[in-house]
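Chain A is the first sequence line, chain B the second, and so forth, proteins listed ahead of strands; every chain is numbered from 1. Small disclaimer: the values here were computed from a predicted structure and weren't measured.
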Amino acid sequence: MVARQSQLFIPTLREDPADAEAVSHKLLVRGGYIRQVSAGVWTFQPIGWRVHRKVEQIVREEMDAIGGQEMLMPVLTPVELWETTGRVSIPELFHLEDRSGRRFILPFTHEETVTFHAREIKSYRELPKILYHFSVKDRDEPRPRGGLLRVREFIMKDAYSFDRDEKGVLTSFEAHREAYKKIFARCGLETYDVQAESGVMGGKFSVDFLAPSGSGENTLVTCENGDYAADLEVARAVPREPRFPERLDAPTEVETPGVATIEALATLLGIDDAATSKAMPVVTEGGTLVLALVRGDDRLSETKLYDALRGASRPATGEEIRAAFGAGGGSLGPIGFEGEIVADEALREGQFVAGANRDGWHLRGVEAGRDYEPRFADLREPREGDRCPECGGALRFRTAIEVGHIFNFGTFYSGPLEATFLDEDGSEKPLLGGSYGIGPGRVLAAAVEQHHDERGILWPDAIAPYDAHVLALHGGSSEVLGVAEELAAGLDEAGLGVILDDRDERPGEKFADADLLGCPVRVTVGRKTLEDDAVDVRRRAETTDLRIARGDVLKWVQDR
RNA sequence: CGGGGUGUAGCUCAGCCUGGCUAGAGCGCUGCCUUUGGGAGGCAGAAGUCCCCAGUUCGAAUCUGGGCACCCCGACCA
């Protein structure tokens, strides 16, 4: 059926909404794709929903292709399921009660529920299984942002795999990784599968799919030579070489009155700031004071520190610092400190200026291994100018949207929920699970972020709301309108999705709306083209029309 | 949760500092006319809880206090 724009609900806006910042947010609202109902709560309007469903269908096909079975689990969930796995205390979880006081939650993921069902798997003969659904998720986000980028309610495709052993887990995981690559490629997205930050449940089977874009919450690090991609939080990188001053046989004190920053220190001593070290005392959850050391020009990565300490930590207070070092912040260093020292790899070789643990003094020529014994770890946050850890190539830093996340959760849920099976040897074992999510809304937003120009969206073919936008510049001419209708019907019969702008509007408005909506091809019928028994066609990405015979339109659209 | 910003017509905004007649503009909307290849023009018109509550004042969109909502930065993000 040809969609008649005169009948559709596509409220476009001439101006950017005042509260929008991200390009995808602006264009999706302006194009009438989405509207906000409340902070982080959005309606997909008819054409927005059309795009959403196209993304869903691609996801569905690729999930089915790896043996996934679609189902539908409820949103309303009894709290007991989550109490069993200990996840009720997650602050993002929405809670509610029914009239008699029974407690429920609105989950943001369905591991508990799917594992509840997986208890019906009794034998290794039934494994592996991949179950998935598309359903509404709720998250009580402290700060929704960026239109569809971070929301409080959204639809997610979440899939769950169940396997009998590590080999099966690996197979399921890699099948999903490949399926996801196909999904994003089909959606016209540039994405990278990268090691996700490990976090609580992490481990090596935790991979994020990042789509570089103008807005987003992650930073993607890629090598110019294409051999390395990582999330900034866990990325490895090679910092530049410092210009070291002359080597010293032993640390030498130097007075540095009033110097509290690396910048001031480097300036005062006339040295490279990369030839200094920065001391950050932190206190672990167990209450132990640990000294983290990074190069003066580097930033400490909190994620990496978390990994290095195998747990959370907080910056030490002024009193704790004074008690442990006998000096205040700004003059701290490794020498003379009694506790554990974790030093960044960049401090392994060379002599650095460090705090002397004496207010107003520093030490020159401090050398790891000779003057103090640290445990080395990668602690620094990579930054512009670093080189690729694989090949030494230049690294690129781009903001990115996380469009998918796949990870392995082992027995985290099957244990507490007692989802077990009998293995071939007759022993009872917990199912090994994996979890695989894709947010179609984010895919859609990322597609707009990656494909747009100053006039509007340029949808990738596979997810465009319509394949062809036929503009009837009829201006009261029933003949022109008739030809446009005929043409649209022809394209429709050939299986294309067609939207016909039959509105009683001026040409300029139709062109502007067509550009904004962003369908891949535009077909214009007007008095001028009729004179030539022709129509004008153009791809959305181009800026000029091509006049072709009416009879050639279908072929042109299909061959383009 | 910390910091910053905004809230006036459907949308984008002016007015607020320095209180004062009936609260404005552009776009959009309704009717009529004209026009019809990049948001054209004319005439007529509809449309407001000036975010809410309280206070100050003869008088509050404007000043004060409290609250709410939304946006941005940060924290958070199993």
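When distances are taken from the side chain of A:I90 to each of B:rG37, B:rG38, B:rA78, the shortest belongs to B:rA78. Counting only heavy atoms from C-beta on, A:P91 has its side chain closest to B:rA78 among B:rC73, B:rG38, B:rA78. The nucleotide whose nearest atom lies closest to any side-chain atom of A:R143 is, among B:rA40, B:rC73, B:rG38, B:rC73. When the nucleotides B:rG37, B:rC76, B:rG38 are ranked by their closest atom to the side chain of A:T529, B:rG37 comes out on top. Comparing B:rU36, B:rU12, B:rG39 against the side chain of A:A512 picks out B:rG39 as the nearest. Considering only side-chain atoms of A:R506, the nucleotide from B:rC77, B:rU35, B:rU12 that sits closest is B:rU35. Of the listed nucleotides (B:rU35, B:rG38, B:rC71), B:rC71 has the atom at the smallest distance from the side chain of A:Q36. Listed candidates were B:rU36, B:rC72, B:rA75. Nearest to the side chain of A:E21 is B:rC72.
A donor-acceptor contact under 3.5 angstrom links the side chains of A:E111 and A:T109, judged on distance only. Side chain to side chain, A:T115 and A:E112 fail the donor-acceptor criterion of an N or O pair below 3.5 Å. In this structure, a donor-acceptor pair under 3.5 Å is absent between the side chains of A:K26 and A:S24.
Applying the 4.0 Å criterion to OP1 and OP2 of B:rU12, one finds that A:R14 has every side-chain N and O outside that range. A:S38 has a side-chain polar atom (N or O) that falls below the 4.0 Å cut-off from OP1 or OP2 of B:rC70.
Each of A:E509 and A:A18 lies near RNA chain B, and the nucleotide nearest A:A18 is the one positioned closer to the 5' end. Looking at which nucleotide of RNA chain B each of A:D19 and A:E217 is closest to, the 5′-most match is held by A:D19.
Straight-line distance between the C1' atoms of B:rU18 and B:rA47: roughly 31 Å, to the nearest whole Å. Comparing B:rG5 with B:rA46, their P atoms are spaced 40 Å from each other, to the whole Å. Spacing of P atoms, B:rC43 relative to B:rA54, comes out at 44 Å, to the nearest Å. The separation of B:rU12 from B:rG28, taken at their C1' atoms, amounts to 11 Å, rounded to a whole angstrom. Look at the C1' atom in both B:rG48 and B:rG55: the space between them is 24 Å, to the nearest Å. Remark: the separation of the C1' atoms in B:rU30 and B:rG20 is 35 Å, to the nearest Å. Remark: the separation of the P atoms in B:rA44 and B:rC27 is 15 Å, to the nearest Å. Between B:rC53 and B:rA60, the distance separating the two P atoms is 14 Å to the nearest Å.
Look at B:rA44: its Watson-Crick or wobble partner, with both distances under 3.5 angstrom, is B:rU30. B:rU18 is unpaired under the Watson-Crick or G-U wobble criterion, no partner having all donor-acceptor distances under 3.5 Å. Partner assigned to B:rU35 is none, using Watson-Crick or G-U wobble distances below 3.5 angstrom. In this structure, B:rU6 and B:rA69 make a Watson-Crick or G-U wobble pair, each of the two defining distances being under 3.5 angstrom. Across all strands shown, B:rC1 forms a Watson-Crick or G-U wobble pair with B:rG74, both key distances being under 3.5 Å. Searching all strands for a Watson-Crick or G-U wobble partner of B:rC63 with both distances below 3.5 Å returns B:rG55.
B:rC77 atom C1' lies 6 Å from atom CD of A:E141, rounded to whole Å. For A:D501 and B:rU36, the CG to P distance is 18 Å, given to the nearest whole Å. Rounded to an integer number of Å, the gap from A:K510 NZ to B:rG39 P is 15 Å. Rounded to whole angstrom, the span from the CG atom of A:L13 across to the C1' atom of B:rC27 amounts to 11 Å. The separation between A:D16 atom CG and B:rU6 atom C1' is 17 Å, rounded to whole Å. Whole-Å rounding puts the A:L149 CG to B:rC76 P distance at 19 Å. Put simply, CG on A:L516 is 18 Å from P on B:rG38, counting in whole angstrom units. In this structure, CZ of A:R87 is placed 10 Å from P of B:rA78, rounded to the nearest angstrom.
Residue-level contact check: A:R503 touches neither bases nor backbone, having no heavy atom under 4.0 Å from any strand. Residue contacts shown for A:D513 include a base, since a base heavy atom lies under 4.0 Å away. Using a 4.0 Å heavy-atom distance criterion, A:R522 is classed as a base contact. No contact: A:G437 has no heavy atom under 4.0 Å from any strand. Across all strands shown, A:P11 has no heavy atoms under 4.0 Å from either base or sugar-phosphate atoms. A:R139 comes within 4.0 angstrom of the backbone, heavy atoms only, and of no base.
Considering A:V443, A:V403, A:V55 as possible partners of A:I438, the one that fulfils the side chain to side chain contact (heavy atoms under 4.5 Å, CB included) test is A:V443. With A:W82 as reference, A:F108 is the one residue of A:Y413, A:F108, A:F116 to meet the ring-ring contact (aromatic ring centres under 6.0 Å, His included) rule. A:F209 pairs with exactly one of A:R177, A:E402, A:R442 by the side chain to side chain contact (heavy atoms under 4.5 Å, CB included) rule, that one being A:R177.
Rounding to the nearest 0.5 angstrom, the gap separating the CZ atom in A:R30 from the OG1 atom in A:T12 is 8.5 Å.
Remark: the A:R145 side chain and the B:rC72 base include no donor-acceptor N/O pair separated by less than 3.5 Å. Put simply, the side chain of A:R538 and the base of B:rG38 share a donor and an acceptor less than 3.5 Å apart.
The aromatic ring centres of A:W459 and A:H452 sit 6.0 Å or more apart.
Under the 30°/60° scheme for interplanar angles, the aromatic rings of A:Y160 and A:F409 are found to be tilted.
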